[in-house]
2 protein chains.
Amino acid sequence: MKKTRVTITDIARELNIAPSTVSRALKDHPALKRETKQAVKALAKKLDYRPNLLALNLLQKKSNTIGVIVPEITSHFFSAIITGIQDVIGTSDYNIIICLSNESYDEEMTIVDKLSKIQVDGVLVSPSSETNNFDHLVRLQKSGIPVVVFDRDCPGLESDKVLVDDYSGAFQAVEYLIRSGCKKIAHLSGPINLSTAKHRLQGYLDALENNNMPIQKEYIVHVPGFSHKDGLKPTKKLLKLKDPPDAIFATNDNIAISAMHIAEKLEFRIPEDISIVGFDDQPNSSYVTPSLSTVWQPVYSIGMLSARILLHHLEEEDTKIGFRKEIFKPELVIRKSSKKI
Amino acid sequence: MKKTRVTITDIARELNIAPSTVSRALKDHPALKRETKQAVKALAKKLDYRPNLLALNLLQKKSNTIGVIVPEITSHFFSAIITGIQDVIGTSDYNIIICLSNESYDEEMTIVDKLSKIQVDGVLVSPSSETNNFDHLVRLQKSGIPVVVFDRDCPGLESDKVLVDDYSGAFQAVEYLIRSGCKKIAHLSGPINLSTAKHRLQGYLDALENNNMPIQKEYIVHVPGFSHKDGLKPTKKLLKLKDPPDAIFATNDNIAISAMHIAEKLEFRIPEDISIVGFDDQPNSSYVTPSLSTVWQPVYSIGMLSARILLHHLEEEDTKIGFRKEIFKPELVIRKSSKKI
DNA sequence: AAAGACCATGCAAAGGTTTGCATAAATAAA
DNA sequence: TTTATTTATGCAAACCTTTGCATGGTCTTT
């Protein structure tokens with residue numbers, strides 16, 4: 001059963017030539033006679049020779065593999081980014097190993113260790129919400145593995161970065177709510193350790209301040225995670241205030257949708273009694289009722305660009321021209337869950 | 001900059017012993033003197049020796065890598081399965097390479113070719129909706145690579161399989177619709193090439209027949225894909241019939257949600273005028289309004305079990321006890337998009 | 001005819017680890 | 001003291017491919 005693969009030596013033996021000649025023939029080395037090349041190629045084809053990449057890896061000391069570290073994969077956000085990464089890397093000779101940190105710093109460390117063990121050639125990473133020490137990434141860099149950070153920033157880490165202007169997205173959303181006449185705008189904020197959550201919160205705060213609106217502490221509630229269920233209690237808390245908000249800007253679409261859910265249960269009319277705006281523009285957000293106003297971000301492009309930057313590094317490692325920092329602009333998409341201006 | 005790794009030979013040289021002795025010392029070979037082992041281990045630690053897996057791969061002729069082929073990753077369905085796979089494989093020494101076929105037979109072939117080139121040790125695959133020839137998978141098997149098929153069956157292929165009883169899920173859903181008083185039940189069916197779509201359609205047909213209900217051809221419409229937009233036109237077609245259905249059983253939740261969307265636009269009341277039932281039970285399905293009745297399937301478990309079966313094969317390849325075929329039972333979840341019985 | 005130039009191919013090392021077999025040293029038995 | 005036995009370690013091959021250098025041969029030039 002154990003089909004043993006045909007090697008270059010097998011071909012050499014059969015043709016009574018040296019393995020090195022076979023190797024060169026297969027790569028069209030100019031110094032070889034045409035007939036030799038042809039003979040080798042013909043036999044290689046006949047024998048179904050396939051180069052042993054494992055041997056090549058050892059020789060070149062590289063695994064031709066890229067590690068991708070994401071907190072999770074079930075959200076549309078990260079799965080779309082990964083699709084973008086795949087679509088770029090797929091055309092190269094690299095393979096992708098996707099690793100899930102489950103929003104855990106410890107798991108992230110374990111993953112980095114594993115990736116370094118298997119000698120990946122580069123790493124794309126969006127850190128967990130628990131991570132605020134980036135020594136493990138520095139260690140990667142020090143061992144010569146380029147690191148590209150995407151979406152979630154790693155403050156203090158010097159590396160290539162592909163980010164989104166979360167501040168601007170939040171600012172746009174809140175400013176729009178203000179213009180539409182909302183006076184009491186609440187924010188369901190993400191885990192504060194996260195750069196994205198931090199910037200969205202700041203955008204919210206600045207938009208209010210910019211418009212001379214008061215900032216009310218009880219209108220800012222943090223959600224523990226990013227799935228629907230994480231938004232339920234915080235929303236209830238908001239809506240059961242003596243003076244409930246007339247608008248909610250949620251840190252992402254899932255949270256916004258569960259806010260809508262709770263609001264409807266508590267008999268708030270959307271958007272008449274309360275406007276709700278999310279962040280992400282997941283595909284299903286336009287299909288909920290009322291359809292969700294939200295901040296779109298170019299997920300697929302984030303993945304593609306990150307991958308391209310890494311690939312660029314890998315392919316011409318001579319030119320060290322410092323690190324790139326790319327920031328995508330998100331865009332407000334107005335639908336039916338918020339009042340018209 | 002190029003930190004060259006510490007090798008076993010470096011340690012050997014420093015200690016004036018043979019590399020083989022170092023190797024054995026690190027694996028606690030019984031024939032070695034305790035002192036030798038200790039000295040080696042101490043130095044290994046001091047020098048931060050890390051075994052070169054690339055070399056091991058070549059020696060053992062295996063890459064310690066598992067290929068996972070899925071049509072896409074942005075749906076909750078496949079991303080949850082992948083999470084299950086990861087959670088199982090993550091505890092082993094294997095790495096996972098996830099490949100997206102984009103529902104294309106050609107891309108699937110290319111992927112299989114690539115995986116075989118890099119000598120993966122096993123493959124988990126859910127075929128594209130275009131695939132109905134499985135020779136590429138047979139080729140993998142013939143070259144000694146075990147294949148586990150999940151969710152979407154490959155009829156005629158002899159391999160391990162982890163499937164869902166789609167027939168039963170559909171039957172339950174349609175029978176429930178009948179009991180709730182619906183007389184004109186339509187089906188938004190998936191691409192007919194897919195085993196899952198086929199079985200769901202059959203469940204639909206048999207449930208009708210079993211209850212002496214007529215089967216009306218115009219009530220069966222195929223959707224081209226599985227995302228929201230794919231359900232829009234087919235739903236319109238159904239609802240604009242002179243005699244529109246009073247229930248729709250959709251082949252998945254996304255399609256069901258876009259059916260709800262269209263129904264509301266056309267001023268059908270849900271569920272009074274029309275009941276809608278989906279398939280999958282994605283997390284957001286309970287957050288749409290009205291919440292979606294659907295057929296739940298154990299996505300995470302599908303991933304875990306598939307991975308376990310493959311791992312089992314890899315770890316004791318001696319015992320060839322034929323192929324396993326595991327079939328999960330789905331369950332109907334009744335919410336608000338369908339009438340109560 | 002001798003020297004130089006060129007062409008086609010082979011040799012051998014390198015990459016890091018494992019492992020069966022051999023060997024050396026030390027101890028026990030005769 | 002010699003032989004048998006054990007104990008601890010080393011040698012070298014194997015995994016497969018690539019590549020700098022060397023070699024042998026043919027051809028051209030003087």
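Values below: every heavy atom of this structure, side chains too, minus hydrogens, waters and symmetry copies. Order of the sequence lines fixes the chain letters, A, B, ..., with proteins taken first and strands second; residue numbering starts at 1 for each chain.
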Please report the C-alpha distance between R152(B) and E103(B) in whole Å, then the side-chain angles of each, then the deciding distance to 0.1 Å, and finally whether the salt bridge (charged side-chain N to carboxylate O under 4.0 Å, His left out) criterion is met. CA-CA 12 Å; R152(B) 300 180 173 181; E103(B) 301 282 12; 2.9 Å; yes

Of residues 48-56 of chain B, the positions that come close to DNA chain C - non-hydrogen atoms, cut-off under 4.0 Å: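 Heavy-atom contacts with DNA chain C come from Y49(B), P51(B), N52(B), A55(B), L56(B).
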
Among residues at least two apart in sequence or on other chains, which ones pass ring-ring contact (aromatic ring centres under 6.0 Å, His included) with H136(B)?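 By the ring-ring contact (aromatic ring centres under 6.0 Å, His included) rule, H136(B) matches Y105(B).
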
Protein-nucleotides 22-25 of chain D N/O pairs under 3.5 Å:
none

If you apply the rule side-chain hydrogen bond (donor to acceptor under 3.5 Å, both in side chains), what do you find for N64(A) with D93(A), and how did you get there? CA-CA 7 Å; N64(A) 284 298; D93(A) 283 336; over 6 Å; no

How close or far is atom [atom2] of [N] from atom [atom1] of [X], stated in whole angstroms?
X       : N       : atom1 : atom2 : answer
L58(A)  : dT18(D) : CG    : C1'   : 11 Å
H29(B)  : dG10(D) : NE2   : C1'   : 13 Å
K27(B)  : dT17(C) : NZ    : P     : 11 Å
R5(A)   : dA14(D) : CZ    : C1'   : 17 Å
Q119(B) : dC15(D) : CD    : C1'   : 11 Å
L32(B)  : dT6(D)  : CG    : P     : 19 Å
K117(B) : dC16(D) : NZ    : C1'   : 17 Å
N64(A)  : dC16(D) : CG    : P     : 19 Å

Electrostatic pair [X]-[Y], nearest N-O below 4.0 angstrom:
X       : Y       : value
E158(A) : R324(A) : no
D153(B) : K161(B) : yes
D28(B)  : K41(B)  : yes

Donor on one side chain, acceptor on other, E108(A) and T131(A), under 3.5 Å: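 The answer is yes; a qualifying pair exists.
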
Table of protein N/O atoms under 3.5 Å from nucleotides 25-28 of chain C N/O atoms:
none

Expected output is a numbered-order residue list: members of residues 7-26 of chain B with a heavy atom under 4.0 Å from any atom of DNA chain D. What is it?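 Hits under 4.0 Å, by residue number: N16(B), I17(B), A18(B), S20(B), T21(B), R24(B).
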
Any residue in residues 33-43 of chain B with a heavy atom nearer than 4.0 angstrom to DNA chain D? Just list them by number, or reply none.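 Heavy-atom contacts with DNA chain D come from K33(B), T36(B).
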
Output yes when at least one side-chain N/O atom of K61(A) is less than 4.0 Å from OP1 or OP2 of dA14(C), else no.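 The answer is no; no side-chain N or O of K61(A) sits under 4.0 Å from OP1 or OP2.
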
Strictly by side-chain hydrogen bond (donor to acceptor under 3.5 Å, both in side chains), give each pair with a member in residues 114-124 of chain B just once, sequence neighbours left out.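 Those involving residues 114-124 of chain B are R50(A)-S116(B), N52(A)-Q119(B).
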
Take the C1' atoms of the five end pairs on each side of the helix from dA1(C)-dT30(D) to dA30(C)-dT1(D), get both axes, and report the angle to 10 degrees.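 Here the local axes at opposite ends form an angle of 70°.
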
Applying side-chain contact (heavy atoms from CB on, under 4.5 Å) to T65(B) and Y94(B), what does each step give before you reach the verdict? CA-CA 5 Å; T65(B) 298; Y94(B) 288 93; over 6 Å; no

Write out all pairs satisfying ring pair (Phe, Tyr, Trp, His ring centres under 6.0 Å) with one or both partners inside residues 51-77 of chain B, taking only residues at least two apart or from two chains.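 Qualifying pairs, neighbours excluded: none.
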
Can you pull the ring pair (Phe, Tyr, Trp, His ring centres under 6.0 Å) pairs that have at least one residue in residues 11-57 of chain B, sequence neighbours excluded?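 Checked against ring pair (Phe, Tyr, Trp, His ring centres under 6.0 Å) - neighbours excluded - no pair reaches residues 11-57 of chain B.
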
Full working for side-chain contact (heavy atoms from CB on, under 4.5 Å) between K325(B) and L163(B): CA-CA 8 Å; K325(B) 182 167 183 174; L163(B) 309 174; 4.1 Å; yes

Check: N193(A) side chain, S129(A) main-chain N or O, donor-acceptor pair, under 3.5 Å: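 Pair found, side chain donor or acceptor close to backbone of S129(A).
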
Side-chain heavy-atom pair [X], [Y] within 4.5 angstrom cut-off:
X       : Y       : answer
V149(B) : D160(B) : no
I66(A)  : I97(A)  : no
L26(B)  : I8(B)   : yes

Which heavy atom of L137(B) sits nearest to which heavy atom of V147(B), and what is that distance?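 Result for this residue pair: O-CG2, 4.1 Å.
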
Which residue pairs pass the salt bridge (Lys or Arg N to Asp or Glu O under 4.0 Å) test when at least one of the two sits in residues 13-22 of chain A, sequence neighbours left out?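 Sorted pair list: D10(A)-R13(A).
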
Once side chain to side chain contact (heavy atoms under 4.5 Å, CB included) is applied, do any residues pair with D87(A), and if so which ones, sequence neighbours excluded?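 So D87(A) forms a side chain to side chain contact (heavy atoms under 4.5 Å, CB included) with T83(A), Y300(A), N102(B).
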
